[in-house]
Amino acid sequence: MKLKRFKNYQELSGFAASEIANSIKDKPSLVLCMASGETPKLTVELLVKKLKEEKIDHSRITFIGLDEWVGLLPSNTGSCHYFFQHKLIAPLQLKASQYLLFDALADDLNNECEKMDTFINDKDGIDIMLVGIGMNGHIGFNEPGASFSNLSHVIELDEITKSVGQKYFTEKMELGKGITIGFKHLLNAKKVFLMANGSKKAEVIKKTVEGPVTENFPASIMQRHENGVILVDDEAASLLSKSH
Ligand code: F6R
């Protein structure tokens, strides 16, 4: 695992967007899996801009949505689906065969998980995973205690996730379960970027980078990934010991 520091959110997002765009140049059939949320917002915007401006062929990429709140309509502006659809899939005019998002309204959620696992395996795994980190150290909806060997799964959301998650919605939401890609896929991904910005993420970044590797603090799994890169701005890095 490596750590890269940036002056601010703009620089961090610019770096992540360039890394992905250049990887698509090198491998036009790149498989990209990404989180939604506040952190990757600017990265996606810059990525879309770069792909269009530089006319980088993205007609063969595959996109995979990392997770979803169970029971939410895709039209809900706080859903991951909405984020992926409006920020990436529509602007890049991805064809239906080029992406897969969890259907969190499906009657059989286990089948959704199997569908996702098969899709990832058929694509020979994920090339780049771009994830954020929750205030409880979660990645996707891999909540504290979730096994590092999980494939896609449905999980009872942690209290912190349910309360912090309210920020995405215009009115109070009853959040119960999440459906998410599991850590087995993360460990198998060829490259993983975990991004964090702002002083509110300083504590969880310290635990991720300097704490013990434990399922009780999910993001610590990054220490196990040879090609894992933590991208942080100065504020999120503010509690790290000087040696990084
Ligand atoms: C969302 C997701 C979550 C977020 C995390 C950080 O798709 O996977 O794990 O990445 O909760 O959220 P933000 O970026 O809003 O601070």
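All values below come from the heavy atoms of this structure, side chains included, with hydrogens, waters and symmetry mates left out.
A continuous path of Ile, Leu, Val, Met, Phe, Trp and Tyr side chains, each step under 4.5 Å between heavy atoms, connects Ile126 with Phe148, placing both in one hydrophobic cluster. There is a path of hydrophobic side-chain contacts, each under 4.5 Å, that joins Leu194 to Phe183. Note: the hydrophobic cluster containing Leu186 also contains Ile133 (ILVMFWY, side chain heavy atoms under 4.5 Å, direct or indirect links). Two different hydrophobic clusters hold Met222 and Met34 under the rule that ILVMFWY side chains link at heavy-atom gaps under 4.5 Å. Linking ILVMFWY side-chain heavy atoms closer than 4.5 Å, directly or via other members, places Leu32 and Leu231 in a single hydrophobic cluster.
Of the charged side-chain nitrogens involved, none lies within less than 4.0 Å of a carboxylate oxygen, so that Lys201 and Glu235 do not count as a salt-bridged pair.
Scored by the side chain to side chain contact (heavy atoms under 4.5 Å, CB included) test, Asp103 finds Leu105, Ala106, Glu112 as partners (sequence neighbours excluded). Listed by chain and number, the residues in a ring pair (Phe, Tyr, Trp, His ring centres under 6.0 Å) with Phe63 are Phe84 (sequence neighbours excluded). Here Phe119 pairs with nothing under the ring pair (Phe, Tyr, Trp, His ring centres under 6.0 Å) rule; sequence neighbours left out. Not counting sequence neighbours, Glu171 has no partner by the side chain to side chain donor-acceptor pair (under 3.5 Å) test. When the side chain to side chain contact (heavy atoms under 4.5 Å, CB included) test is applied to Ser238, the partners found at least two apart in sequence or on another chain are Ala202. Judged as a side chain to side chain donor-acceptor pair (under 3.5 Å), and not counting sequence neighbours, Gln223 has no contacts. For Phe15, the ring pair (Phe, Tyr, Trp, His ring centres under 6.0 Å) partners are Phe6, not counting sequence neighbours. With sequence neighbours left out, the ring pair (Phe, Tyr, Trp, His ring centres under 6.0 Å) criterion links Phe193 to no other residue.
Taking the six-membered ring where the residue is Trp, Tyr82 and His86 present parallel rings, their angle staying beneath 30° rather than reaching 60°.
With a 6.0 Å radius and a threshold of 12 heavy atoms from other residues, nucleotides or ligands, Glu203 has its CD atom at or below the threshold.
Using a 4.5 Å cut-off on side-chain heavy atoms (C-beta onward), Leu3 and Val232 make contact.
Note on residues 123-132: pairs passing salt bridge (charged side-chain N to carboxylate O under 4.0 Å, His left out), not counting sequence neighbours, are Lys27-Asp127, Asp127-Lys190. Listed by first and then second residue, the ring-ring contact (aromatic ring centres under 6.0 Å, His included) pairs that reach into residues 36-60 come to none, sequence neighbours excluded. Under the salt bridge (charged side-chain N to carboxylate O under 4.0 Å, His left out) criterion, the residue pairs touching residues 144-166 are Glu159-Lys162, with sequence neighbours excluded.
A side-chain donor-acceptor contact under 3.5 Å links Lys206 to the backbone of Leu239. With Lys52 contributing its side chain and Pro91 its backbone, the two residues share a donor-acceptor pair below 3.5 Å. Of the possible donor and acceptor atoms, none in the side chain of Glu143 sits under 3.5 Å from a partner among the backbone N and O of His138.
The CG atom of Leu175 lies 9.5 Å from the OG1 atom of Thr161; values are rounded to the nearest 0.5 Å. Between Ile20 atom CD1 and Leu51 atom CG the span is 9.0 Å, to the nearest 0.5 Å. In this structure, OG1 on Thr208 lies 7.0 Å from CD1 on Ile139, to the nearest 0.5 angstrom. Remark: Ser79 OG to Leu72 CG distance equals 6.0 Å, nearest 0.5 Å. Going from atom CG of Asp233 over to atom CG of Leu12 covers 6.0 Å, rounded to the nearest 0.5 Å. Note that the CD atom of Glu68 and the CD1 atom of Ile181 stand 12.0 Å from one another [nearest 0.5 Å].
Contact detail for Val70 and Gly178: the closest heavy-atom pair is CG2-C, 3.7 Å.
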I'd like a table of donor-acceptor pairs (distance under 3.5 Å, sequence neighbours excluded) in which one partner is a side-chain atom from residues 35-48, with atom names and distances.
| residue | atom | partner | partner atom | Å |
| --- | --- | --- | --- | --- |
| Glu38 | OE1 | Lys167 | NZ | 3.2 |
| Glu45 | OE2 | Lys87 | NZ | 2.7 |

